[in-house]
Amino acid sequence: MKALLHDLLHTRMDPPARIWFEKALEAANAPVNENVLLGYYAGASRRMGKRALSLGEEEQARARAMDPELPLDHWGVDEAARALVLLSLDHLAPDDFAHRVLQCYDLGDSREQESWLRGLALLPHCERFLSTAVDACRTNIIPLFEAIACENPYPSRQFPELNFNQMVLKCLFNAIAVNRIIGLEKRLNRELSRMADDYVSEREAAGRTVPTDIWMVLAPCIESEGLSRVHRYLHHENSDHRLWAARGLGFTANGESRRVLAGQREIERDGRVKEAIETSLARLS
Amino acid sequence: MKMFDPHIHMTSRTTADYQAMAEAGIVAIVEPAFWLGQPRTNAGSFEDYFNGLLGWERFRASQFGIRHFCTIALNPKEANNPKVSEAVLDILPRYLQKEGVVAVGEVGYDDQTDAEERIFARQMEMAMEFDLPILIHTPHRDKKRGTIRSIDLVRELNIPEERVLIDHNNEETLPLVLDSGCWAGHSIYPNTKMAEERMARLVKQFGSERIIVNSAADWGVSDPLKVPKTVSKMREMGISEADITTIVWDNPVAFFSQSGNMDLADIETRPNINQTQLYDGNSVLRGQAPIVENR
C-alpha cells in the first residue's frame with residue numbers, strides 16, 4: 001500500500017511539493033520528534049493541496065487489487081500524503097506507533113482528523129483505534145462524520161453492532177445516503193431494522209417526512225408489522241420511496257414481499273424502480 | 001406575562017438574545033451543562049466551564065434583568081471519553097453544592113452505550129446524595145428506547161419520580177413519561193425535536209400537569225424566543241391562560257425549587273438592572289450608557 005500511495009502522489013506533486021514531502025517522510029523516520037512530525041502532518045493540506053486524487057483506470061485497478069472496498073478516488077492528495085506519513089511510522093514498536101498515530105488525530109484540526117479517519121483501515125492492527133473511530137461518530141461536524149461513515153470500509157469491518165447501528169441512524173438523521181456506507185449489506189441486523197422502524201413511527205407522529213432510503217435498513221430484518229409499512233411505501237407517490245422500498249425488500253426472507261413486489265411490477269412506470277424490483281425479485285427467488 | 005426558559009445554553013448566545021428574551025417576558029432561565037461541540041480533552045476544561053456557568057454567565061444574565069440558574073453534570077456524549085469521565089465525576093461533588101445549582105444534568109443516554117449508562121447511574125446517585133433534582137436528556141437517535149431505558153434506570157435506583165425531569169419529548173415519548181411520575185420537558189426547535197403547533201396540540205390532548213417547555217437554544221440552529229412563541233401559539237389555539245402559566249412558570253419553578261436553591265419570593269420579581277456593575281473588572285457594555293433601574 002505504501003508503494004501504491006507513493007506512486008499516486010509522485011505524479012501529482014510539483015517540484016516544491018515533492019521536496020517538502022520527502023522531508024515529511026524523513027520526519028517519520030527514527031528518531032521521531034513529536035512536534036516536527038505533527039507539523040508535517042498538519043502542513044500537508046497547504047503544501048500538497050486538497051484536490052481529489054482522481055485515479056486513472058490503471059491506478060483504479062491497482063488500488064482495487066489492494067483493497068476492493070477502499071475508494072481512494074474520494075481521497076484528497078493531502079489525505080493520501082498523510083496516510084503515507086502514518087504508514088511510514090511502522091518501524092516503531094507497536095505501542096509507540098499507536099501513540100504517535102493517535103497524537104496526529106487528537107491534536108489535529110478537522111481536515112487532519114478527516115484524513116486520519118479515511119486512512120484508518122490501511123494502518124497495521126487498525127482495530128486498536130476502534131474507540132477513536134467510534135468517538136469520531138459523535139461529532140456534529142458533518143464532513144468529519146462523513147469521513148468515517150462514508151466511503152470508508154473501517155466501520156463495517158470493525159464496529160460492534162451498537163456503534164454501527166448508531167452510525168447508520170446518524171446518517172439517516174443527517175440526510176446522508178446510507179448507500180455511501182461501505183459494507184452496509186453485510187451488517188444489516190434486527191436491532192437496526194427495529195431502530196429504523198421506531199424512527200419512522202416518530203417522524204410520522206410528528207407529521208414529518210421520512211428519509212427515502214431508510215427502507216434499505218428497515219426492511220431486511222423487520223417483524224411483520226413493520227414489513228407491512230414497507231409494503232405501503234412501495235406504493236408511495238414519491239418514486240424514491242418506491243425505489244428504496246423495492247431494494248430493501250430484496251433482503252427480506254418473506255414470501256409476502258415477493259407477492260407485493262410482483263404486484264408493484266405490474267403497475268410501476270419508473271424505470272429505476274422497475275429495475276430495482278427485478279433485482280430484488282431475482283434475489284428472492 | 002412572566003416566563004421561565006428552563007433549558008437554554010446562554011454561553012453560546014449573544015447579549016442581543018438576552019435583550020430580546022427580557023423584552024419578551026423571560027425573567028428566569030436554567031442553563032444545563034452540556035457539550036460544547038468541540039470535545040474536551042481534559043477535566044480542567046470542565047472546571048472552567050462550570051465556573052463560567054456559575055460566575056460570568058450568571059452575571060451577564062443579571063445585566064439584562066434575567067435570573068440565571070444552572071445544572072451541573074458530565075453530559076452523555078462525553079461520558080464515553082475515559083480521558084475525562086472519571087476525573088469530571090471526581091470534581092462534581094464540589095460543584096453540586098454551589099449556589100445557583102438547581103439540578104444534576106444533563107445526564108442520560110446519547111448512543112446508549114454501557115459507559116453512558118454507568119455514568120448516568122452514578123450521577124443520579126450523586127443527585128440523591130446532594131439532594132438535587134435530576135434533568136435527563138433523551139437521545140436524538142432511538143429516542144423511544146432511550147426514554148424507556150431512562151425511566152427504567154430511575155426506578156431501578158429508587159429515585160422519587162417527582163424529582164426527575166425528562167427532556168426533549170415528542171408525541172411518542174410524552175405518554176410514557178406522563179405514565180411515570182416524572183416531569184416532561186419539550187424543546188421547541190426550528191426544525192427538529194418539537195414545534196410550537198405540535199406542542200400546543202399535545203397540551204390540548206394531555207393538559208398542563210408536569211408539562212414543561214423550553215428553547216434548548218445553543219450554538220446550533222435554534223431560537224431563544226421559542227418559549228414566548230409557544231405561548232402565543234397556545235393562546236391562538238385556545239389554551240387557557242391558567243394552563244399556559246402552569247406550563248411556562250409554575251411547573252419549572254415547582255420542579256427546580258425542589259433543589260432548595262431557588263428563592264420563591266425572589267423569583268417572583270425581575271431583578272433590577274444595574275449595568276454599572278462589573279464582574280472581575282469586566283462589564284457587558286462596550287461604551288454604551290449603563291441602564292440603572294430603581295424599581
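Below, each value reflects all heavy atoms present in this structure, side chains not excepted, and no hydrogens, waters or symmetry copies. Order of the sequence lines sets the chain letters (A, B, ...), proteins ahead of strands, with each chain counted from 1.
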For B/Asn170, is it the side chain, the backbone, both or neither that has a heavy atom under 4.5 Å from a heavy atom of chain A?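 Side chain only.
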When the ring planes of A/Tyr154 and A/Phe159 are compared, do they come out parallel, tilted or perpendicular, using 30° and 60° as the limits?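 Perpendicular, since the angle between the ring planes exceeds 60°.
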Taking the six-membered ring where the residue is Trp, are the ring centres of [X] and [Y] under 6.0 Å apart?
{"X": "B/Phe34", "Y": "B/Trp219", "result": "yes"}
{"X": "A/His235", "Y": "A/His241", "result": "no"}
{"X": "A/Trp116", "Y": "A/Phe129", "result": "yes"}

Using non-hydrogen atoms only, which part of [X] is less than 4.5 Å away from chain B: side chain, backbone, both, or neither?
{"X": "A/Ser131", "value": "neither"}
{"X": "A/Tyr199", "value": "neither"}
{"X": "A/Leu162", "value": "side chain"}
{"X": "A/Asp106", "value": "side chain"}
{"X": "A/Glu191", "value": "side chain"}

Partner chain B: residue of A/Ala205, A/Ala206, A/Ala196 with the largest heavy-atom pair count (under 4.5 Å):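 Highest number of heavy-atom pairs under 4.5 Å: A/Ala206.
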Strictly distance-based, threshold 3.5 Å: is any side-chain N or O of B/Asp111 a donor or acceptor partner for the main-chain N or O of B/Thr113?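 No; zero donor-acceptor contacts below 3.5 Å.
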Would you call A/Glu79 and A/Lys50 a salt bridge, using N to O less than 4.0 angstrom?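 Looking at A/Lys50 together with A/Glu79, the answer is no, because their closest N to O distance does not fall below 4.0 Å.
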